[in-house]
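The structure under discussion appears below in the form of C-alpha cells.
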Amino acid sequence: MTVARSILLFLVAALAEIGGAWLVWQGWRENRGLLWVAGGIIALGVYGFVATFQPDPNFGRILAAYGGIFVAGSLAWGMLVDKFRPDRYDLVGAAICLVGVAVIMYAPRAS
C-alpha cells in the first residue's frame, strides 16, 4: 500500500506542477491573462505541499525520484493537452527516467 500511495502522490504532484506551469505559460506567453497565471501559481504551490506527504523522510530522494515522474509526465501532458507527438527517443528517455524512479524510491533498503 505504501508504494501505491507514493505513486499516487507523485502523479498528483506532477499534475499540479505541470498543470501549474502550463497555466502560467498560457497566461503569460499565450496572452490569456493574469487569472491563468494566478491559477498556475496556486497549482505550483499545491505541488510544493504534495511532496511532503510522501512516506520516505528524505527530501533529496523524493525530489530526485520525482524528476523522473516530471519528465514522463511532461511528455504525457504534451501528448494529451498540446497534441505533441514524442519520437522514440523521447519515449526511451522517459522509460529510463521511470526505471530510475523505481530504483531510487522502491529498491529494498536496510533500515
Side-chain angles (χ1 to χ4, degrees):
M1 189 61 169
T2 302
V3 172
R5 178 174 182 251
S6 173
I7 291 169
L8 180 63
L9 286 167
F10 276 139
L11 294 176
V12 171
L15 184 63
E17 184 183 19
I18 297 163
W22 184 83
L23 286 169
V24 170
W25 178 286
Q26 293 297 309
W28 190 258
R29 192 154 174 174
E30 302 297 328
N31 299 310
R32 293 198 177 187
L34 291 178
L35 284 177
W36 286 67
V37 173
I41 291 168
I42 290 167
L44 289 166
V46 168
Y47 152 73
F49 281 99
V50 170
T52 67
F53 295 104
Q54 282 288 351
D56 190 294
N58 300 293
F59 174 79
R61 179 177 294 143
I62 301 289
L63 212 55
Y66 173 71
I69 301 294
F70 179 80
V71 169
S74 294
L75 288 174
W77 182 280
M79 290 169 54
L80 293 171
V81 176
D82 292 328
K83 307 303 180 219
F84 170 71
R85 309 276 294 163
D87 63 23
R88 67 177 175 242
Y89 300 108
D90 294 325
L91 298 175
V92 169
I96 290 168
C97 290
L98 292 175
V99 169
V101 172
V103 171
I104 291 169
M105 284 300 295
Y106 310 119
R109 291 188 163 81
S111 296

Indicate every side-chain donor-acceptor pair of residues 20-29 with a distance under 3.5 Å to a residue at least two apart or in another chain.
| unit_1 | atom_1 | unit_2 | atom_2 | d |
| --- | --- | --- | --- | --- |
| Trp22 | NE1 | Asp82 | OD1 | 3.4 |
| Gln26 | OE1 | Arg32 | NE | 3.3 |

Between side-chain atoms of residues 2-9 and protein atoms elsewhere (two or more places apart, or another chain), which donor-acceptor pairs fall under 3.5 Å?
| unit_1 | atom_1 | unit_2 | atom_2 | d |
| --- | --- | --- | --- | --- |
| Arg5 | NH1 | Phe53 | O | 3.2 |
| Arg5 | NH2 | Phe53 | O | 3.1 |
| Ser6 | OG | Gln54 | OE1 | 2.7 |
| Ser6 | OG | Tyr106 | OH | 2.7 |

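Residues Leu98 and Val71 fail the side-chain proximity criterion, which asks for heavy atoms closer than 4.5 Å.
Aromatic ring centres of Tyr47 and Tyr66: separated by under 6.0 Å.
To the nearest 0.5 Å, atom CG of residue Leu15 and atom CD1 of residue Ile69 are 13.0 Å apart. A distance of 14.5 Å separates CD1 in Ile41 from CH2 in Trp36, rounded to the nearest 0.5 Å. Taken to the nearest 0.5 Å, the CG atom of Leu91 stands 7.0 Å off from the CG atom of Asp87.
Every side chain to side chain contact (heavy atoms under 4.5 Å, CB included) that Asn58 has, sequence neighbours left out, goes to Asp56, Arg61.
Remark: Leu80 CG is packed, more than 12 non-hydrogen atoms of other residues, nucleotides or ligands lying under 6.0 Å away. Counting non-hydrogen atoms of other residues, nucleotides and ligands closer than 6.0 Å to CZ of Phe84 gives a total above 12.
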### Message
Using the rule given for side chain to side chain contact (heavy atoms under 4.5 Å, CB included), can you reason through Val46 versus Glu17, listing the C-alpha separation, both sets of side-chain angles and the distance that settles it, and then say yes or no?
### Response
CA-CA 8 Å; Val46 168; Glu17 184 183 19; over 6 Å; no
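There is no path of hydrophobic side-chain contacts, each under 4.5 Å, that joins Ile18 to Val50. Linking ILVMFWY residues whenever their side-chain heavy atoms come closer than 4.5 Å, directly or via other members, places Phe59 and Ile62 in the same cluster. Both Leu11 and Val81 are assigned to one and the same hydrophobic cluster, defined by single-linkage of ILVMFWY side chains at heavy-atom distances under 4.5 Å.
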